K.L.:
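I have a structure here, written as structure tokens, and I will follow up with some questions on it.
Reminder, nothing fancy here: chain letters follow the sequence lines and each chain counts from 1. If you're wondering where the values come from, they're calculated on a predicted model, not measured in any experiment.
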Amino acid sequence: MILSSADFINNDTIYLAQKLIGKYVVRKFANNTLAKYLITEVEAYHSMADKANHARFGKTNRTEVLFKTGGRWYVTLCYGVHYLLNLVTGEEGNPSAVLIRGINEVVGPGKVTKLLKVDRSFNNLEATENNNLWLEDHNFKVQNITALPRVGINYAQEYKDKLWRFKLNNNF
DNA sequence: GGAGTGATGACA
DNA sequence: GTCATCACTCCA
């Protein structure tokens with residue numbers, strides 16, 4: 001079952017992040033081959049109050065897409081080297097997103113985009129088949145989800161210890 | 001443990 | 001315009 005934008009328009013980012021665990025991200029490459037990857041690790045970036053959220057400074061050219069309605073991709077270059085793939089969630093004006101950190105056995109946001117061959121051209125695109133990158137639900141049975149603190153956000157003060165990183169804990 | 005890398009926002 | 005900062009990965 002293909003998930004549509006409407007499935008990601010929900011202001012409860014934490015809830016959506018957990019729901020994304022066990023779903024599949026599907027990539028259609030230039031040569032028309034399909035690749036499906038199980039989402040195993042995500043982080044939630046929730047609202048402007050979240051000091052780890054890129055949108056914490058307000059709306060700018062970079063973060064504009066975060067303020068739009070859910071179901072889009074937010075791709076950003078980090079440290080000049082790695083692309084990070086986020087799914088925008090929430091309603092218009094509520095800057096929230098879920099960072100996809102791990103798929104199948106590949107864990108690490110930079111590795112995810114490398115494997116998926118995702119770059120900034122996907123930024124602001126909707127997660128649909130037409131854009132060659134979308135999400136599907138194949139009724140994967142999630143046994144257990146572990147909540148962890150997020151990574152690399154020591155500057156986020158009281159938000160750095162929030163357990164907004166979720167990891168699939170199934171025994172493969 | 002440490003460097004590389006470049007977009008971004010803050011400030012002048 | 002400059003400057004510091006950063007949601008990471010790789011190679012020691």
K.L.:
Within less than 4.0 Å of OP1 or OP2 of B:dT8, is there a side-chain N or O belonging to A:Arg120?
P.N.:
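The answer is yes; a side-chain N or O of A:Arg120 sits under 4.0 Å from OP1 or OP2.
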
K.L.:
How many whole angstroms separate atom OH of A:Tyr74 from atom C1' of B:dT8?
P.N.:
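Result: 9 Å.
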
K.L.:
After noting the C-alpha distance and the side-chain angles of A:Arg27 and A:Thr33, does the key distance pass the side chain to side chain contact (heavy atoms under 4.5 Å, CB included) rule?
P.N.:
CA-CA 8 Å; A:Arg27 173 77 165 103; A:Thr33 56; over 6 Å; no

K.L.:
Can you measure A:Tyr83 atom OH to B:dG6 atom C1' for me and round it to whole angstrom units?
P.N.:
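Going from A:Tyr83 (OH) to B:dG6 (C1'), I get 10 Å.
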
K.L.:
Tell me if a side-chain donor or acceptor on A:Asn104 pairs with a main-chain N or O of A:Leu38 at a distance below 3.5 Å.
P.N.:
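Judged by distance alone, yes, a pair lies under 3.5 Å.
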
K.L.:
Show, in sequence, the C-alpha distance, side-chain angles and deciding distance for A:Leu3 and A:Tyr24, and conclude whether the side chain to side chain contact (heavy atoms under 4.5 Å, CB included) test is met.
P.N.:
CA-CA 10 Å; A:Leu3 297 170; A:Tyr24 290 78; over 6 Å; no

K.L.:
Without decimals, in angstroms, what is the distance between A:Lys160 NZ and C:dC6 P?
P.N.:
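Rounded to the whole Å, the gap is 13 Å.
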
K.L.:
Quick one: label A:Ile153 by what it contacts on the DNA or RNA (base, sugar-phosphate, nothing), any heavy atom closer than 4.0 Å.
P.N.:
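Sugar-phosphate, no base atom in range.
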
K.L.:
For A:Lys28, enumerate each residue passing the side-chain hydrogen bond (donor to acceptor under 3.5 Å, both in side chains) test, keeping only those at least two apart in sequence or located in another chain.
P.N.:
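Here no residue qualifies.
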
K.L.:
Taking only residues two or more places apart in sequence, or in another chain, which ones meet A:Ala30 in a side-chain contact (heavy atoms from CB on, under 4.5 Å)?
P.N.:
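By the side-chain contact (heavy atoms from CB on, under 4.5 Å) rule, A:Ala30 matches no residue at all.
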
K.L.:
Look at A:Arg101 and C:dC8 and indicate whether a side-chain polar atom (N or O) is within less than 4.0 Å of OP1 or OP2.
P.N.:
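Checking C:dC8 against A:Arg101, a side-chain N or O does come within under 4.0 Å of OP1 or OP2.
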
K.L.:
What is the distance, to the nearest angstrom, from the NZ atom on A:Lys51 to the P atom on C:dC6?
P.N.:
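Distance, rounded to whole Å: 14 Å.
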
K.L.:
In whole Å, what is the span from the CG atom of A:Asp119 to the P atom of B:dG6?
P.N.:
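Spelled out: CG on A:Asp119 to P on B:dG6 is 15 Å.
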
K.L.:
Polar-atom pairs under 3.5 Å, protein N or O versus N or O of nucleotides 10-12 of chain C: list them with distances, or write none.
P.N.:
none

K.L.:
Find the distance A:Asn154:CG to C:dT5:C1' and express it as a whole number of Å.
P.N.:
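Atom-to-atom, A:Asn154 to C:dT5, this comes out as 13 Å.
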
K.L.:
Please enumerate all residues that pass side-chain contact (heavy atoms from CB on, under 4.5 Å) together with A:Asn11, with sequence neighbours excluded.
P.N.:
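With neighbours one apart ignored, the set is A:Glu91, A:Asn94.
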
K.L.:
Could you check how far CD of A:Glu41 sits from P of C:dC8, rounded to whole Å?
P.N.:
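So the CD-P distance, A:Glu41 to C:dC8, works out to 11 Å.
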
K.L.:
With a 4.0 Å cut-off on N to O distance, would you call A:Arg165 and A:Glu41 a salt bridge?
P.N.:
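Looking at A:Glu41 together with A:Arg165, the answer is yes, because their closest N to O distance falls below 4.0 Å.
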
K.L.:
Report the stems of DNA chain B as range-with-range entries sorted by first number; a stem here is at least three consecutive pairs, Watson-Crick or G-U wobble, both distances under 3.5 Å, and write none if there are none.
P.N.:
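When the pairs of DNA chain B are grouped into runs of at least three, the stems are B:1-4 with C:8-11, B:6-11 with C:1-6.
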
K.L.:
So, does A:Arg56 use its side chain to make a donor-acceptor pair with the main chain of A:Lys51 at under 3.5 Å?
P.N.:
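At least one qualifying donor-acceptor pair exists.
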
K.L.:
Need one value for A:Asn61: base, sugar-phosphate or nothing, where a base atom within 4.0 Å counts as base even if backbone is also close, heavy atoms only.
P.N.:
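Nothing, no heavy atom under 4.0 Å.
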
K.L.:
Look at the side chain of A:Thr40 and the backbone N and O of A:Gly102, then say whether any donor-acceptor pair between them is shorter than 3.5 Å.
P.N.:
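Yes: the side chain of A:Thr40 pairs with the backbone of A:Gly102.
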
K.L.:
Nearest to the A:Phe57 side chain among B:dA10, C:dC8, B:dA7, which nucleotide is it?
P.N.:
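Nearest listed nucleotide: B:dA10.
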
K.L.:
With a 4.0 Å cut-off on heavy atoms, is A:Thr76 in touch with a base, just the backbone sugar-phosphate, or nothing at all?
P.N.:
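Touches nothing.
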
K.L.:
Assess whether salt bridge (charged side-chain N to carboxylate O under 4.0 Å, His left out) is satisfied between A:Arg150 and A:Asp50, documenting all intermediate values.
P.N.:
CA-CA 12 Å; A:Arg150 291 175 295 176; A:Asp50 179 1; 2.8 Å; yes

K.L.:
Please list, pair by pair, any protein nitrogen or oxygen found under 3.5 Å from a nitrogen or oxygen in nucleotides 2-5 of chain B.
P.N.:
residue: B:dT5; atom: O2; partner: A:Tyr79; partner atom: O; Å: 2.8

K.L.:
So, A:Glu136 and A:Lys36, do they make that salt bridge, N to O below 4.0 Å?
P.N.:
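Counted as a salt bridge, because a side-chain N and a carboxylate O are separated by less than 4.0 Å.
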
K.L.:
Roughly, in whole Å, what's the span from CZ in A:Arg62 to P in B:dA7?
P.N.:
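Computing the A:Arg62:CZ to B:dA7:P distance gives 11 Å.
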
K.L.:
Using a 6.0 Å distance limit plus a 45 degree cone around the ring axis, check whether A:Lys114 lies over the aromatic ring of A:Tyr83.
P.N.:
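That pair does not qualify as a cation-pi contact.
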
